[in-house]
Amino acid sequence: MADTTLMDKLVSLCKRRGFVFQSSEIYGGLGSVWDYGPLGVELKKNVKDRWWRAMVHARDDIEGIDAAILMHPRVWEASGHVAGFTDPLVDCRHCKNRFRADDPRIKGTPGQPDAQCPVCGSKGTLTEPRLFNLMFKTFMGPVEEQAAVVYLRPETAQGIYVNYLNVLQSSRQRIPFGIAQIGKAFRNEITPGNFIFRTREFEQMEMQFFVKPGTDAEWFERWREWRMQWHRDLGLTPERLQWHQHGPDELAHYARAAFDIQYQFPFGWQEIEGIHNRGNFDLGRHQEYSGKKLEYFDQAANERYLPLIVETSAGADRVTLTLLVDAYREEEVEGETRVVLGFHPAVAPIKAGVFPLVKKDGMPELATALYHDLKRRFPAFYDDSGAIGRRYRRMDEAGTPFGITVDGETTAQRTVTVRERDSMQQERVSVDQVAEYVAERVGVS
Ligand code: GAP
């Protein structure tokens, strides 16, 4: 299967089955902004829930927060985003298209007569590169004046730094400890694309771990290991995950060291999460810009210091795309192609489909009762239309791990057929035990 074909097929399946829709589609869509449909919202929610469980609930040393998207404008001066969160751009004076200056499709040097526009092909019409800030601006209050400009946050991390003292003082944490957050971020990306990989509105799952100076390198290594394991535990193909270490020219202004976890997408190896040793840059800058002391007093050692920060920063949308890409497969079954999303059962949006074999002999009633019973424990789906094979195929495309059929034997023996998505093996299970049977296998207790 050609790689571009795989992405096209995935985008089309996502729309057809209700995973992802283009934003404002009836108006022609909004560039690189996407909406999650009924199945997509469940899939992404499962990603976020697993992250929250691993980072907050399963640990004693991390607290969660939910900071506002709008923050004081000085935050973005302190963080370096006002001055430095920029891409160099060039415009074509002829066709009015805009490109990143390092767009590999541009021939020649922008600003020079030899440079050629990659869209209209005109020569000498590309401007010199100009820096363009990626933050979205809006206005606070009724008057659209400069004093009222605020930004939509381009990362969630700053909401954690400015609340560091609040969390420290209101919880029983002592250094080393972390603060985790899941939330929306916005970037006016110039070359967005590849479906939900790079979008202008997206969700981050970020954690900032505050450590004593001198211990940062060792915490950085621990966090690298834990985060890679988290991705492997989602059931992703291990060979499609790798590390990419940032070279000196790639490091962000705040970072002492940085590694990306990359996934092999059909469009190449790309970052899904960054692990950064941010040193004392962030607290140092917020201390300087706010005038508020952010030092930590270590009572046991009787010393005062500015903590260093190890950050783990993953994109919820990118991880969701990774799951979709990794799960998609086509198989020949009895002369027909079956499309399967082979999700790890724990992240599958629907855990079980329930089907009466025929619409008579009391089967729909039994199946409906069973469906309502299952739905109390996990997401289930009822389907009584079409041949049973077609109903199985529909659930395969949605990535549903189990199909439960109520048939002639159900009334007599109180058993149902349970079909497993990947092996397509069928097993008879007692009606009274089928909820537990599925719950155990999808990790719902
Ligand atoms: N606080 C550090 C930070 O924001 P980043 O490498 O710019 O670092 C972290 O972003 C993660 O956020 C990325 O690994 C990616 O998963 C996600 N992300 C960043 N920009 C994105 C975009 N335009 N669309 C979707 N996800 C994005």
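When a ligand or atom number is given, it counts from 1 through the structure's own listing order. Note that the coordinates shown come from a computational prediction; the quantities given were computed from them, not determined experimentally.
Contact annotation for Y254 and ligand 1: only side-chain heavy atoms (C-beta onward) come within less than 4.0 Å of the ligand. With a heavy-atom cut-off of 4.0 Å, R198 touches ligand 1 through backbone and side chain alike.
For the pair R278 and ligand 1, a heavy-atom separation below 4.0 Å is found. Contact between R200 and ligand 1 is absent, with no heavy atom of the residue lying under 4.0 Å from the ligand. Using a non-hydrogen distance threshold of 4.0 Å, F85 does not register as a contact of ligand 1.
The closest side-chain donor-acceptor pair between S313 and E273, if any, does not fall under 3.5 angstrom. The closest side-chain donor-acceptor pair between E311 and Q208 falls under 3.5 angstrom. Side-chain contact of Y164 with D282: a donor-acceptor pair under 3.5 Å is absent, judged by distance alone. For the residue pair Y289 and R74, no side-chain donor N or O sits within less than 3.5 Å of a side-chain acceptor on the partner. A donor and an acceptor atom, one from each side chain of E420 and S423, are located under 3.5 Å apart. Of the N and O atoms on the side chains of D49 and N46, not one donor lies less than 3.5 Å from an acceptor on the other residue. T156 and E206 share a donor-acceptor pair across their side chains, judged by distance under 3.5 Å alone.
Taking the ring centre of Y254 as origin, the terminal cationic atom of R278 falls inside the region bounded by 6.0 Å and 45° from the ring axis. F202 does not carry R187 over the face of its six-membered ring by the limits of under 6.0 Å from the centre and within 45° of the normal. Stacking of R200 on the aromatic ring of W34 is not recorded, the 6.0 Å distance cut-off and the 45° axial limit not both being met.
Heavy-atom contacts of E273 reach the following atoms of ligand 1: 14 (O) (cutoff under 4.0 Å). For ligand 1 and E206, the ligand atoms under 4.0 Å from any heavy atom of the residue are 1 (N), 2 (C), 3 (C), 4 (O). Counting the atoms of ligand 1 from 1 in the order shown, those under 4.0 Å from a heavy atom of E311 are 1 (N), 2 (C).
Ranking the protein heavy atoms by distance from atom 15 (C) of ligand 1 puts R318 NH1, 3.5 Å first. The closest protein non-hydrogen atom to atom 13 (C) of ligand 1 is E271 OE2, 3.3 Å. Scanning the protein for heavy atoms near atom 10 (O) of ligand 1, the closest one is Q204 NE2, 3.5 Å. Scanning the protein for heavy atoms near atom 25 (C) of ligand 1, the closest one is F197 O, 3.2 Å. Among all non-hydrogen protein atoms, the one lying nearest atom 18 (N) of ligand 1 is F202 CE1, 3.6 Å. Annotation: atom 7 (O) of ligand 1 to nearest protein heavy atom, R187 NH1, 2.8 Å.
The closest non-hydrogen atom to atom 3 (C) of ligand 1, taken over S79, S313, A316, comes from S313. Proximity annotation for atom 24 (N) of ligand 1: of I272, N188, V319, T199, T199 comes nearest, heavy atoms only.
Put simply, the residue from F220, W219, F177 that forms a ring-ring contact (aromatic ring centres under 6.0 Å, His included) with F209 is W219.
The shortest N or O to N or O distance between G315 and ligand 1 is below 3.5 Å.
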